[in-house]
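Proteins come first, then strands; the chains are lettered A, B, ... in the order of their sequence lines, and each starts at number 1.
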Amino acid sequence: MTAPLLDIGELAKRFPVGRKRSLPQRIADSVAGRKPPVSLLHAVDDVSFTIGRGETVGLVGESGCGKSTLVRLVNRLLDPTDGIIRLGGSDLGAIRAADFAGHPARARVQMVFQDAGDSLNPRYTAADAIGDPLRRLKRLGGAALRARVEELADMTGLPRELLSRFPHQLSGGQKARVGIARAIAVQPDLLILDEPTAALDVSVQVVILQLLQRLKAELGMSYLFVSHDLNVVRLLCDRVLVMYLGKIVESGPAATLFTDPKHPYTRALLSAIPQADPVRRAGRLRLGGEPRSPIDPDPKVCRFYGRCPSSTERCTQEAPELRRLEGERAVSCHFA
Amino acid sequence: MTAAPALKVENLSVEFRTRAGVVRVLEAVDLEVGKGETVALVGESGSGKSVTAFATMGILDPAGRVTSGSAMFGGADLLALPERELAELRGRELSMIFQNPRTALNPIRRVGQQIADVLVRHGGATRAQAPQAAIEMLRRVRIPDPERRARAYPFELSGGMCQRVMIAIALACRPSLLIADEPTTGLDVTTQAVIMDLIGELARESGMATVFITHDLALAAEYCDRIVVMHAGHIVESAPSAQLFAGARHPYTARLLAATPGETDSLQGLQSIPGNLPDLRRTDLPACRYSERCERRKPECVSPLALAKVGERHLVACRFPL
């Protein structure tokens, strides 16, 4: 195997959160010169994975599991607490998030946002939006800029006559195309897609997904595809990462992970997919309980304990590690 | 169903007056929901699903006008009732779950109080009893630690929890008709499953009739007894869920199914629906509003047609059904 495009190693992001102290407590603390105790929210905890060139990796998990934080770390909008982020051999983690916006490496990782409408400036025309990264990062202007914007519109199937329109004059599918054209304008190596079709009708969703697949083949990009819609992940992704409370609990090729999930959380996630066929609906698994708190989690307790239908005493004494299985799969459960 | 339906909408037409002209959003819509039955309304955005619900509840935008039809509910026509009487029914007998719980909840009122308000206004509870009853409702929608959560503001709760609060408000007075407008969009599949199970359970327990608006066909099929497909303000097909999936008879329904990711193994296996919804401001729309997108179109498709029975409880508005 050749070197991967993206290499994430033991990445962690912990946010300090203040504990609420009563007024007398605050006074007592300040008189005694005590610092308030600092709690840490473990948003992303010891996450390692790679993305190969031309590969599409899906990232799934519930809201609050740390998907967005992980994406913001890879996208270099946040600075990691720990760990490495390497893209094609260069150390992205070493560049501060505050400096990244104007850094040449900014062009190498681009993003397509969840709601195409909300992520477009309402006062920019489609052409302004697509041209913005080209002006900022490639210093294009004038006729060269216009030519490139038109080329991008053609590539994404956006009629050229719509380039002068504002977002409110475009349909959902057209806005999605503008968002994609903007993201691929600077020829990134890695494109992060955050639920790019969540707001679209099924028939438009099909068109956009097929467009994304075609662009990937044409431009040789790699995708990190974040989604709730497991049916879409199954169709678009080569490999899938399942995240739960800041940790990757299972990973593997999409084909085998969906047919034979190993982690109880993955099983619950898959059984929650709406199923039209009543025959296939048998044996549905519903998670009870509440997720554990991500604030100062006990390192000895499995993160899934409390909601897991198959947990035992052992799960509270020794948290499972992500261990390798056959067929490029990995799972973090004692009983998988 | 032999018993009288809980809701019977007949010949409902709605138009919106806009600066760009009159938009005929709904035309001659018929919809029946039995007691304890869950009916899904599906279709693309702009097909008139939400307008049907809003018109029935009497909460249409001022620009919208009901031009014909009736909505019989418990012996009264909701479309003809004076606003005061309708307001009495809403909240107690008629309830609605809106699409986005964050905007539908009052941001500056604790969620327990918001449930209590409904109980006092419509449920006959006293101010003293209401808080306890509100906590009980939160427990029923499986919010853990309801005593504490009742004192939370919406921003302090997750999306899934806000949605459960909305459901608690909607169901607080045990309505006989619930309209749920995409109640699970934006929620995780796991939360979605819990919420759908909950609505289904309450419907079975109390015989509540439910209209469930969604564009997720698989979700509709799993949780609803019957699916009604809308296209451009018309109902084009109505059938029991399993039957619709096994054999859609309207070409539009078949196209929707072919675009839904589910059983296929590759992205190439999915097909989009050609064309767009027709411009509903036009005055020369053909009788079948799908005919201009339909590859099976014949010259006869321009002449008037109505929903016709093609099987047991299976209705289709197509001259040449599949």
Side-chain angles (χ1 to χ4, degrees), chain A residues 60-65 67 114-115 171-173 195 197-214 227-237 244 254-255 258 265 268-281 284-291 307, chain B residues 42-47 142-145 158-161 184-194 196-198 214-224 227 241-242 244-246 252 255-277 293:
Chain A
V60 301
E62 294 171 303
S63 23
C65 75
K67 291 191 306 265
Q114 194 170 125
D115 189 319
S171 72
E195 306 232 23
T197 60
L200 301 175
D201 277 320
V202 280
S203 95
V204 185
Q205 166 172 287
V206 174
V207 181
I208 297 296
L209 291 176
Q210 286 170 348
L211 169 70
L212 286 169
Q213 204 173 44
R214 181 169 59 77
S227 184
H228 278 149
D229 192 333
L230 297 158
N231 278 324
V232 170
V233 169
R234 187 172 62 90
L235 293 180
L236 200 73
C237 299
Y244 188 80
F258 277 89
Y265 176 65
L269 211 52
L270 294 183
S271 93
I273 302 176
Q275 186 59 260
D277 187 349
V279 183
R280 290 160 162 264
R281 222 177 279 157
R284 63 167 108 155
L285 187 65
R286 292 288 185 263
L287 294 176
E290 275 288 287
R307 289 180 91 192
Chain B
V42 302
E44 288 169 278
S45 3
S47 59
R142 312 246 171 73
I143 286 193
D145 200 358
S158 68
M161 283 225 243
T184 60
T185 27
L187 298 184
D188 297 306
V189 278
T190 44
T191 316
Q192 168 173 282
V194 171
M196 292 308 297
D197 287 348
L198 181 72
T214 180
H215 56 244
D216 186 339
L217 269 168
L219 187 68
E222 175 159 358
Y223 293 98
C224 299
I227 297 181
S241 304
L244 191 87
F245 261 78
Y252 176 66
R255 280 294 195 168
L256 266 186
L257 289 170
T260 304
E263 302 314 307
T264 53
D265 288 321
S266 80
L267 210 46
Q268 277 60 43
L270 293 179
Q271 287 169 350
S272 66
I273 307 173
N276 292 307
L277 290 177
R293 305 171 76 180

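For chain A, the option among L244(B), L219(B), L217(B) with the highest count of heavy-atom pairs below 4.5 Å is L219(B). Contacts with chain B were tallied for L236(A), V207(A), L209(A), L200(A); L209(A) has the most, counting heavy-atom pairs under 4.5 Å.
Of the atoms belonging to Q205(A), it is side-chain heavy atoms, and not backbone ones, that fall under 4.5 Å from chain B. Proximity to chain A (any heavy atom under 4.5 Å) is shown, for T190(B), by both the backbone and the side chain. With a 4.5 angstrom heavy-atom cutoff, D145(B) does not touch chain A via any of its atoms. Contacts of V202(A) with chain B are made by both backbone and side-chain atoms, with heavy-atom separations under 4.5 Å. In this structure, chain B has a heavy atom under 4.5 Å from the backbone of I273(A), while its side chain stays farther away.
Qualifying side chain to side chain contact (heavy atoms under 4.5 Å, CB included) partners for N276(B), counting only residues two or more places apart in sequence or in other chains: none.
For D201(A) against S45(B), the heavy-atom pair with the smallest separation is OD2-OG, 2.6 Å. Shortest non-hydrogen contact noted between P261(B) and N231(A) is O-ND2, 3.5 Å.
Counting heavy atoms from C-beta on, the side chains of P274(A) and Q192(B) come closer than 4.5 Å.
Considering CG of L277(B) and OG of S203(A), their distance stands at 8.5 Å, rounded to 0.5 Å.
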Contacts under 3.5 angstrom, residues 267-275 of chain B side chains, donor-acceptor by atom type, not counting sequence neighbours:
| unit_1 | atom_1 | unit_2 | atom_2 | d |
| --- | --- | --- | --- | --- |
| Q268(B) | NE2 | Q213(A) | OE1 | 3.2 |

